[in-house]
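A quick write-up on the structure given underneath.
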Amino acid sequence: MNEPKLHIILIGNTFKYETEATVKLFFNAQHFIFSDTKEDAEGEYIIAGLDGLRIYTEIKLDGHDVYSSEKTLPSADEKTAEHELCRLVYHGLGSLLGKSSPWGLMTGIRPVKKVVELIREGKSRKEIDSILTKKYEIAPDKLDLAYLTAENQLPILDRIDSSAVSLYVSIPFCPTRCSYCSFVSHSMDSAVKLIPEYVEMLCRELEMIGALVRETDTKIDTIYFGGGTPTSLSAADLKTIMGSVAANFDIDKVREYSVEAGRPDTITEEKLRVIHSLGAKRISVNPQTLNDDVLKVIGRRHSGEDAVRAFELARKVGFENINTDLIAGLPTESAESFAHTLDKMIELSPESITVHTLTLKRSADLFRTGTEKSPVSEMVEYSIERLIGSGYLPYYMYRQKNTLDNLENVGYAKKGFESYYNIFIMDETQTILGAGCAASTKLVYPDGKIKRIHNYKFPYEYIRRFDQLMEKKEEVSECLKRIKSAAQR
């Protein structure tokens, strides 16, 4: 994929983040050349200018006439100027390219959070639609989806224990790297020698976090093992890590304990029995697609039948809360093929199904090789109608940059099987303590302030610089004390 030559020129303002996010609604997975003067532009360019109360844009794209537009603002409020300038750019690009985004001007990853906030302010459905349509120009069907998701989230958000926190455990290994993947994960072929020391250091970190939790008398609400693919590890290694969790945290009081079993080619009966016996009652089995040809294209070493067998094995072991992940828009996948996968998964009757839309990240192999135009909108529309019609309701949603057709990722669940952890991480209402390579600790203070502490991204760095990592935990202790103090008032 060739690097773009598109210049973004910011004149009289520093609105780089939102302007770039707006442009990316039309140009997926590209980065741009930024400057503050038109003289620097060569070839295609977008000017976003602010001059007192005047905002203006000029856009030159190959094969199109130069587009220009301007507007006078009623006041000099910077946030309004930024939003309205992005609106000019959005309409200019939409006019030239003949398309729009289903989420309109909204570039944030948490659309449902905005709906929840408006509901809590006492706004009616009609008022919410009017506010969000006016500000962001969201399509009516996306407003419907966001509102329904918010309705399903609210009863769970209302039951949040403000004095509790959640625990995330990162296992950054996979059997192979999928072509669409941008996560920091290492294939087992190259990383196997790191695993013994990684497991040792992870257990040390869990012990340290456990000590902080006990010292502050903090309750763990949910636990989530992600990655990577946790079941890339052996049953013995899983037993060691999960045993460390059980030894250092009171898992009897945990409302939800999830493990991403993930790829079917890593799932065995022995591993599933270890996971189940050590307290995790919710797992994910993630085929992404049941089409064998598509699985080969994306670099998977399992078949669709392997995924079905893994699901049935999990049922045999005793799991009564299983999620499955699917991806709409995978390369070479047709709308019919996606529908077949979804129909088959509904037939298996998991408790929840998460439908992701393919995202082209710069660090993914698929970004470099490119992907042909996909009927992804048709796939997503089918999933919404089919899942809701089958008794699965949307309960959490997020959006990412560079997603095909600017669509969304949605978790659907049968009533009573919504994942607390997924809701908490999207709503940002609960502190999440991260353990392991590339894990992020999100500290949510009683006053609403959020502070993030990131662990080292790569396993070898996590291992080598472990003692420095532990120095960051002082702030975790302070936040837990404040949470406890606030809860006691």
Side-chain angles (χ1 to χ4, degrees), residues 155-171 199 202-227 230-231 233 235-261 270-284 314-315 317-323 351-352 395 413-425 427 429-436 439 441-444 473 476-477 479-481 483-488:
I156 295 171
L157 291 173
D158 290 342
R159 295 197 299 270
I160 287 179
D161 185 343
S162 61
S163 65
V165 302
S166 289
L167 175 68
Y168 175 81
V169 182
S170 172
I171 310 296
V199 170
L202 177 56
C203 289
R204 278 183 58 190
E205 187 176 11
L206 288 167
E207 184 178 348
M208 186 277 304
I209 295 174
L212 291 178
V213 165
R214 288 191 301 276
E215 288 167 9
T216 54
D217 192 25
T218 299
K219 175 187 171 184
I220 296 294
D221 198 8
T222 74
I223 300 173
Y224 195 99
F225 271 63
T231 44
L233 299 182
D237 285 333
L238 284 170
K239 187 174 183 179
T240 297
I241 297 168
M242 294 186 71
S244 180
V245 170
N248 289 290
F249 304 92
D250 185 356
I251 63 173
D252 289 338
K253 295 179 180 177
V254 169
R255 279 198 289 182
E256 176 183 281
Y257 192 161
S258 302
V259 173
E260 282 192 12
E270 183 184 12
K271 293 177 188 179
L272 290 173
R273 292 198 180 281
V274 166
I275 292 168
H276 194 272
S277 67
L278 285 169
K281 304 306 181 187
R282 181 182 185 274
I283 62 167
S284 286
R315 284 286 194 237
V317 167
F319 284 97
E320 297 178 353
N321 190 352
I322 304 177
N323 173 73
E351 282 60 47
S352 55
Y395 74 94
K414 296 177 181 178
K415 203 67 179 173
F417 289 96
E418 302 86 354
S419 167
Y420 288 93
Y421 178 85
N422 286 335
I423 291 174
F424 295 164
I425 200 168
D427 195 69
T429 51
Q430 189 181 79
T431 286
I432 296 174
L433 306 177
T441 288
K442 184 188 296 181
L443 302 176
V444 181
K473 301 305 177 181
V476 175
S477 178
C479 181
L480 296 184
K481 290 175 183 176
I483 291 171
K484 187 68 177 178
S485 177
Q488 291 173 340

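In what follows, residues are counted from 1 in the order of the sequence shown. On a predicted model such as this, the values are computed, not experimentally measured, just so you know.
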Taking the side chain as C-beta and beyond, is there a heavy-atom pair between [X] and [Y] under 4.5 Å?
X	Y	result
T240	C203	yes
F424	D221	yes
L233	I241	yes
F225	M242	yes
T218	I483	no
V254	F249	no

Looking only at heavy atoms, what is the nearest atom pair of [X] and [Y], with distance?
X	Y	value
N248	L206	CB-O, 3.9 Å
T216	S477	CG2-O, 4.2 Å
S170	L202	O-CD2, 4.0 Å
P230	G227	CD-N, 4.4 Å
H276	G318	NE2-O, 3.4 Å
T441	G434	OG1-N, 2.9 Å

From [atom1] ([X]) to [atom2] ([Y]), nearest 0.5 Å:
X	Y	atom1	atom2	result
Q488	D217	CD	CG	8.0 Å
S352	N321	OG	CG	6.0 Å
T231	E270	OG1	CD	12.5 Å
S277	L272	OG	CG	10.5 Å
N323	F417	CG	CZ	12.0 Å
C479	K484	SG	NZ	13.5 Å

Any donor-acceptor N/O pair, [X] side chain to [Y] backbone, under 3.5 Å:
X	Y	result
E256	Y420	yes
D427	I423	no
K271	L238	no

Report task. Ignoring hydrogens and angles, state whether a donor on the side chain of Y395 or N422 is under 3.5 Å from an acceptor on the partner side chain. Result -> yes

Requested in this report: Kindly indicate, with the supporting measurements, whether the criterion side chain to side chain donor-acceptor pair (under 3.5 Å) is fulfilled by E260 and Y224.
Outcome: CA-CA 8 Å; E260 282 192 12; Y224 195 99; 2.5 Å; yes

**Report entry** Neighbour count >12 (heavy atoms, 6.0 Å) for atom NZ, K281
**Finding:** yes

Query - Lys/Arg-Asp/Glu bridge criterion (N-O < 4.0 Å) met for K473, E205 - result: yes

Query - Salt-bridge present (E351, R315; N to O < 4.0 Å) - result: yes

Query - Check against side chain to side chain contact (heavy atoms under 4.5 Å, CB included), L212 and M208 - result: CA-CA 7 Å; L212 291 178; M208 186 277 304; 3.8 Å; yes

Query raised in the report: Picking from I209, V213, I251, what satisfies side chain to side chain contact (heavy atoms under 4.5 Å, CB included) with I220?
Result: V213

**Report entry** Parallel, tilted or perpendicular: ring planes of Y168 versus Y421, cut at 30 and 60 degrees
**Finding:** parallel

**Report entry** Test applied, salt bridge (Lys or Arg N to Asp or Glu O under 4.0 Å); reference residue, K219; option that passes from D250, D161, D252
**Finding:** D161

